[in-house]
Amino acid sequence: MTLSLTLPVAGGALAPYALRGSAPVRPPAGVKFNRIAYSAAHVVADPLAAIDPWLQSAVDWDATIGYRRHLWSLGLGVAEAMDTAQRGMGLDWPTSLELIRRSLDAAKDVPGALVASGCGTDHLNIDEVRSVDDVIRGYEEQMAAIEALGGKLIVMASRALARVAKSPADYERVYDRILRQAKQPVVLHWLGDMFDPALAGYWGTKDIDAAMATALGIIAAHPDKVDGIKISLLDKDKEIAMRRQLPPGVRMYTGDDFNYAELIAGDGHGSEQTHGQSDALLGIFDAIAPAASAALGELAQGNVEKFHAILGPTVPLSRHIFAAPTRFYKTGVVFMAWLNGHQSHFTMVGGQQSTRSLQHFAELFRLADAANLLEQPELAVRRMKTLLALHGVEG
């Protein structure tokens, strides 16, 4: 039987929509990759907590850790507490540290589970940050707490540093201090201002090429302390240009949710293998986890055409989820988790379920169906109808 419902279309009208009925792609058990792939996993809010969601965060810990087990079962790593659409926008540092602790504990029960954890300065009162030294102390505080748990660091871009730094030299000073102290190689993080306007001019300049040169210089000074760098500029040419200049052994972790399929597949150019391909640290992998896993498994077997056949259809969905204002992308990711039955509600930390329109969700639903990403179509239709009814759309 064909599943159907009524969805909003452009201009505010309503139109019937029938699902395609194609079965989702699933990876085989024990799938293996030839890329490292992290998902920036979302946090499941506790909808029954008596809090003010814009001011406080309450987490459903069982559902949150359960989703991480789901990602690990698919062979994906978890980039913990570094989801930039929730960290600092509903998820505070004490809750983030508890999330890291619980995730690391859970990973001990999963052979081969990868976890890397976000280390930043978001616990600082940015209005009280006066100097680069304040930023260093902020990083060191979070760094010490995560490393005390045995965690691997993702050194997140710092709003505080972007605010007080006067030149590229200030960035060099901060990162030199942090990298010298790191107990194991870290992943650096370059987040474009489309994700966070407060990070405009990161690395001391708004000139992307000059900023890249500063970041590359920092990495070159500490190649043994840098596992890789994640860049989220939504510019594949800039990523490729930087990738080809990384020191031997330092990975490029794509954070490009617009062009990830092409970047992960790679072009094979460069003197090092890592110059010709990107690994992944992506927010969209949360929403498309089974397809991402299946595609990466095909790539590892040399089946490049199958890789693109699986992952290619997910790109329009990702571009929609990450459309401007990009900083609201997590709303679409959590919506997908709800549609697919990975959580029982569509409530988010920070109340962020309200950041996108019904038109946005309707198009997301259509794109998810087109990409064969609706894992339980009947459930997805029921839940989409619930959301429609809340907005006054029946049928």
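Bear in mind that the values here come from a model prediction, so they are computed numbers and not experimental data. Atom set for the values below is all heavy atoms of this structure, side chains included, hydrogens, waters and symmetry mates excluded. Numbers for residues simply follow the sequence, beginning at 1.
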Check whether [X] reaches the backbone of [Y] with its side chain - one donor and one acceptor, N or O, closer than 3.5 Å.
X: Tyr38; Y: Leu114; value: no
X: Ser158; Y: Gly120; value: no
X: Asp286; Y: His42; value: yes
X: His391; Y: Val393; value: no
X: Arg69; Y: Ile65; value: no
X: Glu98; Y: Pro94; value: no
X: Asn340; Y: His342; value: no
X: Ser354; Y: Gly351; value: yes
X: Asp134; Y: Ser131; value: yes
X: Lys225; Y: Arg180; value: yes

Gap separating the [atom1] atom of [X] from the [atom2] atom of [Y], nearest 0.5 angstrom:
X: Glu363; Y: Leu7; atom1: CD; atom2: CG; result: 9.5 Å
X: Ser4; Y: Tyr17; atom1: OG; atom2: OH; result: 11.0 Å
X: Phe195; Y: Asp257; atom1: CZ; atom2: CG; result: 5.0 Å
X: Trp93; Y: Thr95; atom1: CH2; atom2: OG1; result: 10.5 Å

Check whether the side chains of [X] and [Y] place a donor and an acceptor atom closer than 3.5 Å, and report yes or no.
X: Asp92; Y: His123; result: no
X: Tyr253; Y: Asp227; result: yes
X: Gln142; Y: Asp122; result: yes
X: Glu239; Y: Thr254; result: yes
X: Arg159; Y: Thr121; result: no
X: Glu80; Y: Ser117; result: no
X: His308; Y: Glu262; result: no

His320 and Leu317: side-chain contact (heavy atoms from CB on, under 4.5 Å), yes or no, with the steps? CA-CA 5 Å; His320 181 68; Leu317 171 80; 5.6 Å; no
Could you walk me through whether Glu140 and Arg137 pass the salt bridge (charged side-chain N to carboxylate O under 4.0 Å, His left out) test, one step at a time? CA-CA 5 Å; Glu140 288 176 338; Arg137 283 191 289 271; over 6 Å; no
Of all the heavy-atom pairs spanning [X] and [Y], show the shortest one and how long it is.
X: Phe365; Y: Ala380; result: CE1-O, 3.7 Å
X: His189; Y: Met156; result: ND1-CA, 3.4 Å
X: Lys206; Y: Gly201; result: CG-CA, 3.9 Å
X: Ile264; Y: Ala280; result: CD1-CB, 3.9 Å
X: Pro290; Y: Pro27; result: O-CD, 3.6 Å
X: Arg383; Y: Trp338; result: NH1-O, 2.6 Å

Validation row: [X], [Y] side chains within 4.5 angstrom (heavy atoms):
X: Asp256; Y: Leu233; answer: no
X: Ile229; Y: Met242; answer: yes
X: Leu149; Y: Leu97; answer: yes
X: Val115; Y: Lys152; answer: no
X: Phe285; Y: Ser293; answer: no
X: Leu179; Y: Val226; answer: yes
X: Ile284; Y: Thr314; answer: no
X: Val31; Y: Phe33; answer: yes

Answer yes or no: are there more than 12 heavy-atom neighbours, outside Gln184 itself, under 6.0 Å from its atom CD? yes
Taking atom CG of Asp62 as the centre, report whether more than 12 heavy atoms of other residues, nucleotides or ligands fall under 6.0 Å from it. no
Verdict with supporting geometry, Asp193 and Arg327, salt bridge (charged side-chain N to carboxylate O under 4.0 Å, His left out): CA-CA 9 Å; Asp193 58 6; Arg327 64 186 181 277; over 6 Å; no
Classify the angle between the aromatic ring planes of [X] and [Y] as parallel (below 30°), tilted (30 to 60°) or perpendicular (above 60°).
X: Phe361; Y: Phe335; result: tilted
X: Tyr329; Y: Phe322; result: parallel
X: Tyr175; Y: Trp203; result: tilted

Charged N to carboxylate O under 4.0 angstrom, [X] versus [Y]?
X: Glu378; Y: Arg382; answer: no
X: Arg173; Y: Asp133; answer: yes
X: Arg163; Y: Asp127; answer: yes

Report the hydrophobic cluster partners of Leu99, with the cluster defined as I, L, V, M, F, W, Y residues connected by side-chain heavy atoms closer than 4.5 angstrom, directly or transitively. Val43, Val59, Trp61, Leu91, Val349
Leu19/Thr2 under side-chain contact (heavy atoms from CB on, under 4.5 Å): CA gap, chis, key distance, verdict: CA-CA 7 Å; Leu19 272 68; Thr2 301; 5.8 Å; no
Any chance you could lay out the side-chain hydrogen bond (donor to acceptor under 3.5 Å, both in side chains) test for Arg243 and Ser278, step after step, and finish with the verdict? CA-CA 8 Å; Arg243 185 174 75 190; Ser278 293; 2.9 Å; yes
Go through the steps to decide whether Leu358 and Leu388 satisfy the test side-chain contact (heavy atoms from CB on, under 4.5 Å), and finish with yes or no. CA-CA 8 Å; Leu358 186 63; Leu388 289 162; 4.0 Å; yes
Candidate pair Ile36 and Arg251, rule side-chain contact (heavy atoms from CB on, under 4.5 Å), full reasoning: CA-CA 9 Å; Ile36 296 175; Arg251 298 175 181 272; 3.4 Å; yes
Let me see the working for His269 and His275 under ring pair (Phe, Tyr, Trp, His ring centres under 6.0 Å), right down to the final yes or no. CA-CA 6 Å; His269 293 294; His275 290 168; over 10 Å; no
Results of side-chain hydrogen bond (donor to acceptor under 3.5 Å, both in side chains) for Arg319 - residues two or more places apart only: Asn259
Show your working on salt bridge (charged side-chain N to carboxylate O under 4.0 Å, His left out) between Glu394 and Lys385 and close with a plain yes or no. CA-CA 7 Å; Glu394 302 288 349; Lys385 286 183 175 180; over 6 Å; no
